[in-house]
Amino acid sequence: MEFKTFVFYFLAVILVFAALRVITARNPVHAALYLVLAFFNASGIWLLLQAEFLAITLVMVYVGAVMVLFLFVVMMLDINLDRLRQGFWSYLPVGSLIGVLMAVEMAMVLGGRYFGLDAMPAPPDPQAGYSNTRELGRVLYTDYVYPFELASLVLLVAMVAAVALTLRKRKGTKYINPSEQVAVKREGRVELVKMPAEKD
Amino acid sequence: MNFVVPDFYPAAAEIFVAIMALVVMLASTFARGVRWLAYALTQFTLIAAAFVTIYTLKGDVSYTFSNLFIGDLLGDLLKLLIYFSMAIALLYGRGYLADRNIDKPEYYVLALLMTLGMMVMVTANHMLPLYIGLEMMSLGLYAMVAFDRDSARSTEAGMKYFVLGALASGLLLYGMSMIYGATGSLEFSGIANAVYHQAANKTVLLFGIVFLMAGISFKLGVVPFHMWVPDVYQGAPSAVTLIIATAPKLAAFAMAVRLLIWGLFDVAEQWQSMLMFVAVLSIILGNLAAIAQTNLKRMLAYSGISHMGFMLLGLLSGVVEGDRHYALNAYSSAMFYAVSYVIMSLASFGMIILLSRAGFEADSIDDFKGLNKRSPWFAAMMMFVMFSMAGIPFFIGFFAKLSVLQAVVAAGYLWIAIIAVVMSVIGAFYYLRVVKVMYFDPPVDPAPIHAPAELRVLLSANGLAIAALGLAPQALMSVCAYALLASL
């Protein structure tokens with residue numbers, strides 16, 4: 001076995017294992033960490049395919065930023081696992097029947113017959129000095145500038161939506177106004193009361 | 001490598017709406033006290049965008065942004081209808097939102113960006129802008145559904161819609177990637193070319209179409225991807241339900257047309273048989289489930305499922321055994337159906353908003369009891385809407401159903417036509433029940449209706465339009481046919 005093939009199978013096996021653990025792990029924090037592992041292995045496979053820019057982006061954006069944020073959210077949320085698992089056994093027969101059926105159908109189509117090397121020949125090796133990043137940047141800002149600009153507006157929608165849905169004053173929260181805290185004077189905090197001396 | 005600056009002219013309306021969405025956002029940030037500003041600017045944008053679209057209207061088909069954008073009559077017509085229905089929906093909903101204290105400027109920014117998403121969808125010539133437009137529209141909608149944060153129902157509906165919508169987007173993307181794998185192109189003409197020359201692997205292509213169909217079905221809200229429709233319609237604030245039930249249906253129609261007819265016309269027999277399954281089940285389930293509803297919004301949701309099934313009847317009868325003779329007729333009947341459904345939907349949800357007031361939702365059928373005593377005029381308007389939705393002659397809904405059924409019969413699917421007719425007779429029961437309740441039951445709440453004048457005037461115009469278009473449906477029908485003819 002060629003070394004490259006070995007590396008591919010090595011990464012692929014870990015990837016599939018990690019992906020399975022994401023959906024079977026009992027603890028959501030573990031599931032998120034397995035997802036990190038899955039992303040990492042996927043980026044290794046992309047490196048093998050000579051998509052080095054995308055591989056690095058996957059590690060930096062997903063592993064570095066998105067998943068860390070996700071972990072924080074998962075840790076802060078108080079998820080009641082028992083409630084999540086309610087109805088698992090009653091849905092299992094139907095769910096697994098449909099799941100197995102779909103998996104078999106997908107395996108029939110996605111097997112090597114239509115996507116093997118005979119059906120889809122490997123792209124020719126790029127010549128020396130070929131830069132993935134440069135090529136991506138070139139099409140992104142010329143041919144695909146329209147969806148690129150639209151994607152930025154999609155992000156704007158997400159931002160406006162997130163702010164509109166979460167930025168609100170709820171009744172009964174212990175809301176702190178920092179400027180009032182900073183500008184506080186002694187008179188606001190301490191009250192001097194003159195009391196007659198007590199005789200006993 | 002030489003880069004040619006794309007021609008911005010055909011996309012002028014999109015660029016205008018995008019800039020104005022940013023302007024509305026900034027303006028309402030800096031002028032916080034002026035409450036009407038965001039609303040006024042949004043309405044101005046929608047009206048001005050209509051003028052820009054009409055001004056840049058061209059009879060022929062133009063491509064720009066390296067063929068990612070298509071400017072044709074179909075797109076322009078659908079864009080005009082989208083501005084129109086968004087403007088009316090925002091006008092109807094304004095008082096409702098103010099009563100519940102959720103008429104924040106962000107609502108209008110999201111509405112404008114959502115409109116932009118729909119415009120991108122109807123002018124997409126490539127899977128990429130189509131998908132991005134769809135996401136822009138859906139993300140805005142998810143947030144708007146959950147906009148009433150003090151209502152648990154609204155938040156739940158938003159969450160449900162978001163999770164199921166994300167799943168549907170995933171299915172759609174998977175289907176798109178399979179079609180890309182089979183044809184080697186994401187552009188609709190490239191896909192059509194590969195399919196025509198039989199360069200594409202048919203098994204993989206069909207596999208992709210199945211997933212594509214799942215995504216389209218979800219966005220249209222048809223069986224078996226209809227589960228979200230009743231919950232979201234009921235849970236969302238009525239002003240948002242009004243938006244979900246109108247303009248996005250036109251965008252979803254455009255998505256179906258672009259993907260299936262522009263891209264995959266040569267395998268029409270395959271996707272037609274899938275649509276047949278979806279359409280027949282939607283008509284049956286929608287009409288039967290609507291009978292059991294006591295909540296009017298839920299009833300209209302189920303009736304919407306059956307209406308979308310009817311609309312698909314037009315799309316599935318285009319090609320008969322390789323004969324494309326009927327295609328234009330069938331597709332224009334589907335488009336006519338979509339447009340008339342939007343007009344009826346605007347009026348029906350508008351009526352719910354009209355009867356609602358601060359702290360009270362008129363979304364139960366009982367709330368319409370004795371409406372004739374409270375306001376004979378609006379009772380008549382509601383009767384027009386219900387008659388039209390039931391398909392009683394001579395309202396617009398009748399001609400929509402008629403033209404779709406004609407297309408189905410011409411394609412030789414007599415059994416589908418029989419099921420559709422039987423089901424719409426069953427469906428007439430629950431529409432007529434609303435009419436019966438309005439005219440023959442004593443009112444629960446005898447108070448006269450209080451509503452802003454503009455809502456009263458426009459709702460009356462909307463109801464009268466349903467009747468007037470029913471008397472002269474030819475004009476709208478021929479516009480639909482002409483737009484499709486010029487674009488095909």
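Model, not experiment: these values are computed from the prediction. Just so we're on the same page: letters track the sequence lines, and every chain starts at 1.
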Does any heavy atom of chain A fall under 4.5 Å from the side chain of B:L22, the backbone, both, or neither of them?
side chain
Classify the ring geometry between A:Y146 and B:F69 as parallel (under 30°), tilted (30 to 60°) or perpendicular (over 60°).
perpendicular
Can you tell which part of B:F211 gets under 4.5 Å to a heavy atom of chain A, answering side chain, backbone, both or neither?
side chain
Of the non-hydrogen atoms in A:A164 and B:K104, which two are nearest, and what is the gap between them?
O-NZ, 3.4 Å
Would you say the side chain of A:M108 lies within less than 4.5 Å of the side chain of B:T203, judging by non-hydrogen atoms?
no
Is it the case that atom OH in B:Y9 sees more than 12 heavy atoms from other parts of the structure closer than 6.0 Å?
yes
Choice from B:V109, B:T155, B:L116, B:L110 maximising heavy atom contacts with chain A below 4.5 Å
B:L110
Does a sphere of radius 6.0 Å around OH in A:Y62 hold more than 12 heavy atoms from other residues, nucleotides or ligands, not counting ones at 6.0 Å or beyond?
no
Before you tell me yes or no, could you show the steps for A:E105 and B:V210 under side-chain contact (heavy atoms from CB on, under 4.5 Å), namely the whole-Å CA-CA distance, both residues' side-chain angles and the distance that decides it to 0.1 Å?
CA-CA 12 Å; A:E105 283 175 0; B:V210 172; over 6 Å; no
Can you check whether B:N67 reaches A:D143 side chain to side chain, under 4.5 Å on heavy atoms?
no
A:Q181 atom CD, neighbour heavy-atom count above 12 within 6.0 Å:
yes
Residue among B:V5, B:L128, B:I132 with most heavy-atom pairs under 4.5 Å to chain A
B:I132
At what distance, to the nearest 0.5 angstrom, does CZ of B:F65 lie from CG of A:L150?
8.5 Å
Distance (rounded to the nearest 0.5 Å) between A:L155 CG and B:E135 CD
11.0 Å
Pick from A:T166, A:V154, A:V163 with the largest number of heavy-atom pairs that fall under 4.5 Å of chain B:
A:V154
Let me know if B:M137 has heavy atoms under 4.5 Å from chain A in its side chain, its backbone, both or neither.
neither
Tell me whether B:M159 at atom CE has more than 12 heavy atoms from other residues, nucleotides or ligands lying less than 6.0 Å away.
no
Engaged part of B:F147 at the chain A interface, taking heavy atoms whose separation is under 4.5 Å:
both
To check you understand the geometry: which heavy-atom pair defines the closest contact between B:A18 and A:L153, and what is its length?
CB-CD1, 3.9 Å
If you define the side chain from C-beta out and look only at heavy atoms, does anything of A:Y144 sit under 4.5 Å from B:H126?
yes
Which residues, numbered in order, of residues 171-180 of chain B come under 4.5 angstrom of chain A by heavy-atom distance?
B:Y174, B:M178
Choice from B:L139, B:L206, B:V120 maximising heavy atom contacts with chain A below 4.5 Å
B:V120
Go through the structure and list residues passing ring pair (Phe, Tyr, Trp, His ring centres under 6.0 Å) with A:F70, not counting sequence neighbours.
none
Greater than 12 external heavy atoms within 6.0 Å of B:F162's CZ
no
When heavy-atom pairs shorter than 4.5 Å are enumerated against chain A, which of B:A11, B:A21, B:G184, B:A143 gives the highest number?
B:A143
Honestly, the part of A:M159 sitting under 4.5 Å from a heavy atom of chain B is neither
